[in-house]
Amino acid sequence: MTEIPDTYNPDEVEPKWREQWRETDVYSYTGDGDPDTEYVVDTPPPYPTGNLHIGNALGWCYMDFAARFHRLMGEDVLFPQGWDCHGLPTEVKVEENQGIHRTDVPREEFRELCIEHTESQIGAMRETMDTLGFSIDWDHEFRTMDPEYWGETQRSFVQMAGDDYVYRDEHPVNWCPRCETAIADAEVETETGVAGTLYEVTFPGVDSDEGATTEQRDIQIATTRPELLAACVSVAVDPDDERYADRVGDTFEVPLFGQTVELIADDEVDSEFGTGAVMICTFGDKQDVDWWAEYDLDLRPAVSESGRLTATADEYEGLTLEEAETAIVEDLDAAGYLEGTEPTEQNVGQCWRCETPIEILSKEQWFVEVRQEEILETARQVEWIPEHMYGRLEEWTEGMDWDWVVSRQRVFATPIPAWHCEDCGHTQIAEEDELPVKPTETDPAVGACPACGGEHWRGETDVMDTWMDSSISPLLIQGWPEEPFEPATLRPQGHDIIRTWAFYTLLRTAALEDEIPWEEILVNGMVFGDDGNKMSKSRNNFVQPETVVEEYSADAFRQAMALGGQPGTDIQFQWKEVTSAARFETKLWNITRFTAQQLDEEHRLPDPAYRDIDRWLLSKCSRVTEAVREDMAAYRFDAALQTLRDFVWHDLADDYLELVKGRLYEGRPGERDAAQQALLTTLSAALRMLSPFVPFLAEEAYRALPGTEGSVNAADWPAVEMVDPDHEAAGDLIADIASTVRGWKSDTGLALNAPLDRVEVYPDDHPDVPVDTYDLSEATNAPVQIREGVPAVELVPVSVEPDHSVIGPEFRNQAGQVVAALEAMDPDYVADQKAVDGEIAVDLDGEVAVIPGEAVEVVEEHRAESGEEVVVLDSELATILVYE
RNA sequence: GGGUUCGUGGUCUAGUGGUCAUGACGCGGCCCUUACAAGGCCGAGAUCGGCGGUUCGAACCCGCCCGAGCCCA
C-alpha cells in the first residue's frame with residue numbers, strides 16, 4: 001500500500017515541480033545525435049513587451065506539446081527561446097521613461113538605456129513561460145541585442161551583400177513621420193473607411209487655344225490631399241474619358257505654387273471618382289510612384305522626414321500636413337480655385353507599430369532584393385500546417401512590387417556594417433572578420449579607401465530592420481555559421497506574421513544557405529474571448545494566462561488550449577474547457593490514488609495470468625497509444641487529448657476499475673497480480689502520454705505510482721505490445737454487460753452491490769474466445785452465465801433495418817423504393833422469410849425484387865413471458881436476463 | 001473589390017459519401033456503491049446557415065445565395 005494525498009492541489013504541486021525542473025537538465029538538448037533523431041523548434045522570439053498574452057500562450061502550448069511528445073519519442077529536442085529586442089517601441093518607452101528624445105544623449109548611451117529596459121521586460125515574460133510549464137531549454141536563450149547575435153545579423157548582411165542581394169539606392173520608400181524612419185511594405189497596415197474630404201480644385205490652363213473660354217482651358221481635379229499641391233507634377237485622366245478626350249497634352253498651372261504640369265492619360269485613373277482628373281504628386285501614394293517612374297516625371301519633395309512641408313512649399317514650409325491642409329484650402333478658396341468639397345471615405349496606409357499615416361519619401365536607403373521565385377520555390381518545399389496558409393504567403397509574395405528596404409533611421413537596432421568615404425563617396429561594407437562592429441564608433445579594417453585612397457570615413461548611422469535579426473533565427477539557434485546548417489524541424493508562428501517573419505526567413509535562408517529554413521511550419525490561430533469577440537479590455541472578455549493558473553491550474557489552461565480546436569484554426573477561449581479540464585485532473589488523480597493503494601510491489605509477476613478484461617484493457621491501451629502517437633505527430637493535439645481523456649475516464653475508470661475491484665479486494669494472489677499489473681501498465685502509459693498536456697499532474701502522479709522510476713519527462717513513449725482483437729471483443733462484451741446491469745440497478749433503485757440470483761447472457765455475436773465471467777460476477781454480485789442460442793423469452797421482431805451499403809450499390813436508383821417497401825412490410829413476415837429462404841421478396845408495384853438476407857437486419861426485442869420472474873435487458877452487444 | 005477559412009443541440013467542438021451525427025459545458029431527474037458528490041447513472045435538447053445540383057445514398061462533393069472571421073487591395 002502506498003499512501004498519497006486525498007486531493008490534488010495544483011497550487012502546491014505546480015510550483016514544486018517548476019522549481020525542481022529548473023534545477024535538473026530535463027529539457028536540455030545534447031546536439032550530438034544524428035540529424036534524423038533531432039527535433040528542432042525554431043521558436044518565435046517575442047518582442048519583450050513584458051507581457052505574454054493568451055495568443056502567445058496558445059502558440060507556446062503547441063510548441064510545448066510537440067517538444068514534450070518528441071522527447072518521449074526519444075528524440076533530441078531543441079526548444080530554445082529568443083527575444084526580438086530591437087525596435088522602436090522600446091526606444092519610445094525609454095524616451096518616455098527618461099523624459100528625453102533619443103537625440104538628446106549620445107547614441108551609445110541611448111542604446112544602453114534601451115538594453116536596461118529590455119532586460120526587465122524579459123524577466124516578466126520568462127516568469128509566465130515557466131508558470132505555464134513550457135519546457136524551454138534556457139541554456140539556448142538568445143537576445144538579438146547581444147553582440148553575439150547582432151554580430152551574426154551583420155555577418156548575414158555582409159554575406160548577402162557579397163551575393164548581390166543587398167544594394168543601396170535612392171528610391172521612394174514608406175516613411176513613418178512619427179518614427180522618422182523608412183519602413184517596409186510589410187510594416188504598412190491599411191486602415192479602411194477613414195473619413196476624409198474630397199476637394200475639387202481648378203488648375204488654370206496655360207497655353208491652349210487663344211480663342212478658348214476660361215471654362216474650356218481650365219481643368220478641375222479632385223484630391224483628398226490639397227496639402228500636396230506643392231508636390232504636384234502632373235494631372236492624369238482615363239484615356240477613355242470623353243470629357244478629356246482632346247485635352248491630353250494640355251498644360252496647367254498649379255494654383256498657389258505656380259509650377260506647370262501636363263495632362264496625361266492612363267488606364268489606372270478611375271473616371272468615376274471625383275471629376276475624373278487626378279493630380280500626381282511625389283508622392284501621395286504608391287500609384288504616384290508608379291506614374292512618376294513610368295512617365296519620367298519631376299521629383300518635387302514637399303514633405304520632410306518629420307512630416308512637415310519643405311521649402312518646395314514656399315510660404316507653407318514648416319507646417320504640419322494637417323495645418324497645411326487647412327491653410328492651403330483656405331487660400332485656394334480665397335483665390336477662387338476651390339470649386340467644392342464633399343465628404344469621402346479613403347484607405348490610409350499606417351505604420352503598424354504606431355498607427356501614424358505613412359508618407360512616401362524618396363531617400364537613399366539599403367535594400368535587400370526580393371527574388372520572388374526563389375522564395376516561393378523554397379516555401380513550396382516546406383510542409384504548411386494548415387496547408388492553405390501557404391496561399392497567404394504566395395499571395396503576399398506575388399504581390400510584392402518593391403524590394404525590402406532594410407535600413408532604418410533609428411538607434412536601437414543592429415548597425416549596418418558600412419562606411420562612406422568622405423572624399424569620394426565610396427561605400428565600404430565590413431569584412432566578416434571585423435564583426436560585430438559599430439561603424440559609428442570604429443573605422444573599417446580596410447584602412448584607406450580602396451577607391452580613392454582617402455582616409456576619412458563616415459560610419460553608417462542607419463540601422464537594420466529588426467526582421468533582419470529575427471529572420472535568421474533557424475540558422476542562429478543551430479550554431480550558424482560555425483555549424484553546418486540543417487533545416488529546423490518546426491517553425492511555429494501566428495498567421496499575422498506570415499508576410500513578415502515567415503516570408504523574410506524563407507528569403508534569408510534561401511539566400512544564405514540555399515536551403516529551406518524548416519521542414520514544417522505550424523501556423524496557429526488567434527484566441528478570441530469567451531464571448532466570441534476579439535479580446536479587449538473594453539469588452540471585458542480579456543483573459544490573462546496567469547489568471548487561469550491562479551483560479552485553476554497551468555495544466556487546466558494547457559488542456560483548454562489543446563481542446564479549443566484543431567491547430568491552425570482560431571479558437572475561442574472557453575472557461576468551460578478549463579472547468580472540464582480541472583475535473584479531469586481530479587479524476588486522474590483519484591485513479592492514481594486508487595491504483596497506488598492497490599499496488600504492492602512484492603507480488604509482481606513476470607508473466608501474469610491475465611483475465612479477459614485485463615487483456616481487453618491492455619489491447620485498448622495499445623491501440624490508443626498508436627492513435628495518439630499519430631495525432632501528436634500530425635499536430636492534432638485536440639484529437640490526441642480527447643482520445644486520452646476518453647480512454648482514461650471511460651475505459652480505464654468506468655469500465656475496468658469497476659470490473660476488477662472485486663478481484664483487487666478479495667482475489668487470490670495470482671488474480672490480484674494480473675489486475676495490478678494491467679492497471680499499472682495502463683496508468684503508467686496514460687500518464688506518460690498525457691504528460692505533454694498536463695506535465696505537472698503527470699509528474700506528480702507518475703512519481704507517486706509504485707513501479708515507475710524517475711521523472712515522467714525522462715520516460716519513453718509507451719510501447720505498443722498487446723493488440724488482441726479476440727480478447728478485446730470478449731472484454732467489450734464484459735464491459736457492456738457490467739455497465740448495463742449497473743445502469744439497470746441504478747434505474748430501479750437497487751444498490752449497485754445488491755446481490756442477484758443469477759444473470760444469463762445471450763451475446764448477439766459470440767466472441768472467438770470463451771468469455772471469462774469471473775470479474776463480471778464480482779461486478780454484478782451474481783453468478784453470470786454466457787449462453788448460446790436464444791433466450792427462453794419471447795422474441796418479437798419490431799422493425800427491419802436495411803443495410804444501405806448493400807442495397808444501394810445493388811439496386812442503384814431503385815434502392816429508395818426497395819427500402820421504403822421493406823420498412824413498410826410486417827417485420828414478423830420479413831423475419832420469417834429471412835429465416836426460411838435466406839432472402840426476402842419485396843413487391844415493388846407488381847415487380848418483385850429479391851433481397852439477400854444479409855442486407856436486412858431484423859430488429860427484435862425480447863419480452864419476458866408473462867408470469868416469469870425475469871428482467872430482460874437489451875444491451876448493445878447482448879440480451880441479458882436478470883433473475884432477482 | 002480580390003483571395004481565403006468557416007457556418008453542426010442553448011454555448012463551444014469532432015466528424016471529407018453508407019444504418020439511430022462526437023464530445024464538453026450548461027439544463028432536468030435519480031443515487032453518498034469501501035478511488036472520486038470537484039463523483040456516478042439516466043434524460044431532454046440538432047430539419048448539420050439557405051436554395052439548387054451530382055449520387056441509389058450528402059453534414060461531407062459541385063454551384064449559387066446569406067452570414068462571420070482573417071489576408072490583401
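Only this structure's heavy atoms are used, side chains among them; waters, hydrogens and symmetry mates stay out. In the text below, chain A, chain B and the rest are named by the order of the sequence lines, each starting its count at 1. Keep in mind the model is a prediction, meaning the values are calculated, not measured.
- Put simply, the side chain of A/Phe637 reaches to within 4.5 Å of the side chain of A/Phe693, judged on heavy atoms.
- Residue A/Phe503 contributes atom CZ, which lies 17 Å from atom P of B/C71 at whole-angstrom precision.
- One P atom belongs to B/C71, the other to B/A38, and the distance between them is 44 Å to the nearest Å.
- Among the protein residues, A/Pro809 comes within range of the nucleic acid bases, having at least one heavy atom under 4.0 Å from a base atom.
- When both distances must be under 3.5 Å, the Watson-Crick or G-U wobble mate of B/C64 is B/G50.
- Applying the side-chain hydrogen bond (donor to acceptor under 3.5 Å, both in side chains) test to A/Gln572 and every residue at least two apart in sequence or in another chain returns nothing.
- Taking the centre and axis of the six-membered ring of A/Trp501, the NZ or CZ atom of A/Arg491 falls inside the cone set by 45° and 6.0 Å.
- In a base pair of the Watson-Crick type (N1 to N3 plus N6-O4 or O6-N4) or a G-U wobble (N1-O2 and O6-N3), with each distance short of 3.5 Å, B/A58 is matched with no nucleotide.
- Residue-to-nucleotide proximity on RNA chain B shows that, of A/Glu395 and A/Gln642, the 5′-proximal contact is made by A/Glu395.
- Closest to the A/Asn347 side chain, of the nucleotides B/A73, B/C70, B/C25, is B/A73.
- Here the P atom of nucleotide B/U34 and the CG atom of A/Asp6 are 15 Å apart, to the nearest Å.
- Put simply, the side chain of A/Arg558 does not reach to within 4.5 Å of the side chain of A/Val694, judged on heavy atoms.
- Using a 4.0 Å heavy-atom distance criterion, A/Glu585 is classed as making no nucleic acid contact.
- Across B/G15 and B/C65, the matching C1' atoms stand 26 Å from one another, rounded to whole Å.
- On the P atoms, B/A58 is 32 Å away from B/G2, given to the nearest whole Å.
- The 12-atom threshold is exceeded at CD of A/Gln372, counting heavy atoms of other residues, nucleotides or ligands nearer than 6.0 Å.
- Atom P of nucleotide B/A73 and atom CH2 of A/Trp402 are separated by 12 Å, given to the nearest angstrom.
- Distance check, rounded to the nearest 0.5 Å: CZ of A/Arg742 to CD1 of A/Ile737 gives 12.0 Å.
- With B/A24, B/A73, B/C71 as the choices, the nucleotide that has an atom nearest any side-chain atom of A/Trp396 turns out to be B/A73.
- Looking at heavy-atom distances under 4.0 Å, A/Gly525 makes no contact with the nucleic acid at all.
- For the pair A/Gln287 and B/A73, the criterion of a side-chain N or O lying under 4.0 Å from OP1 or OP2 is not met.
- One C1' atom belongs to B/C60, the other to B/G18, and the distance between them is 12 Å to the nearest Å.
- Spacing between atom OH of A/Tyr552 and atom C1' of B/C25 amounts to 11 Å, rounded to whole angstrom units.
- Rounded to a whole angstrom, the distance from the C1' atom of B/U47 to that of B/C20 is 15 Å.
- Ranked by how close their nearest RNA chain B nucleotide is to the 5' end, A/Glu666 and A/Thr569 are led by A/Thr569.
- Summarising the geometry, the separation between CG on A/Asn781 and P on B/U33 is reported as 15 Å, rounded to the nearest angstrom.
- Rounded to an integer number of Å, the gap from A/Leu563 CG to B/G23 P is 15 Å.
- At B/A73, one or more side-chain N or O atoms of A/Thr190 fall inside 4.0 Å of OP1 or OP2 (strictly under the cut-off).
- Annotation: B/A46 and B/U4 have their C1' atoms spaced 28 Å apart (nearest Å).
- In this structure, NE2 of A/His388 is placed 9 Å from C1' of B/C70, rounded to the nearest angstrom.
- Both cation-pi conditions hold for A/Lys286 and A/Trp402: the charged atom is under 6.0 angstrom from the six-membered ring centre and inside a 45 degree cone around its axis.
- For A/Asp638, the side-chain atoms get nearest to B/A14 when compared with the rest of B/C70, B/A14, B/A73.
- A 3.5 Å limit on both hydrogen-bonding distances identifies B/G43 as the Watson-Crick or G-U partner of B/C27.
- As rounded to the nearest Å, B/G9 and B/G49 have C1' atoms that lie 15 Å from one another.
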(request) Between protein and nucleotides 36-42 of chain B, map the contacts as a letter string: B base, S sugar-phosphate only, - none, heavy atoms under 4.0 Å, written 5' to 3'. (result) B-BSSS-

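- As a whole-Å value, the separation of A/Met526 CE from B/A68 P is 17 Å.
- The partner of B/G1 is B/C72, judged by Watson-Crick or G-U wobble contacts that both fall below 3.5 Å.
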(request) Might you work through the ring pair (Phe, Tyr, Trp, His ring centres under 6.0 Å) test for A/Trp649 and A/Phe647, ending with a clear yes or no? (result) CA-CA 6 Å; A/Trp649 207 309; A/Phe647 174 67; over 10 Å; no

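- Residues A/Phe273 and A/Asp238 have side chains not in contact (no heavy-atom distance under 4.5 Å, counting atoms from C-beta outward).
- A/Ala639 comes within 4.0 angstrom of nothing in the nucleic acid, heavy atoms only.
- You'll find the side chain of A/Trp744 stays beyond 4.5 Å of the side chain of A/Ile880, heavy atoms only.
- B/A14 and B/C56: their C1' atoms are spaced 28 Å apart (whole Å).
- Side chain of A/Gln566, nearest nucleotide from B/G15, B/C70, B/U11: B/G15.
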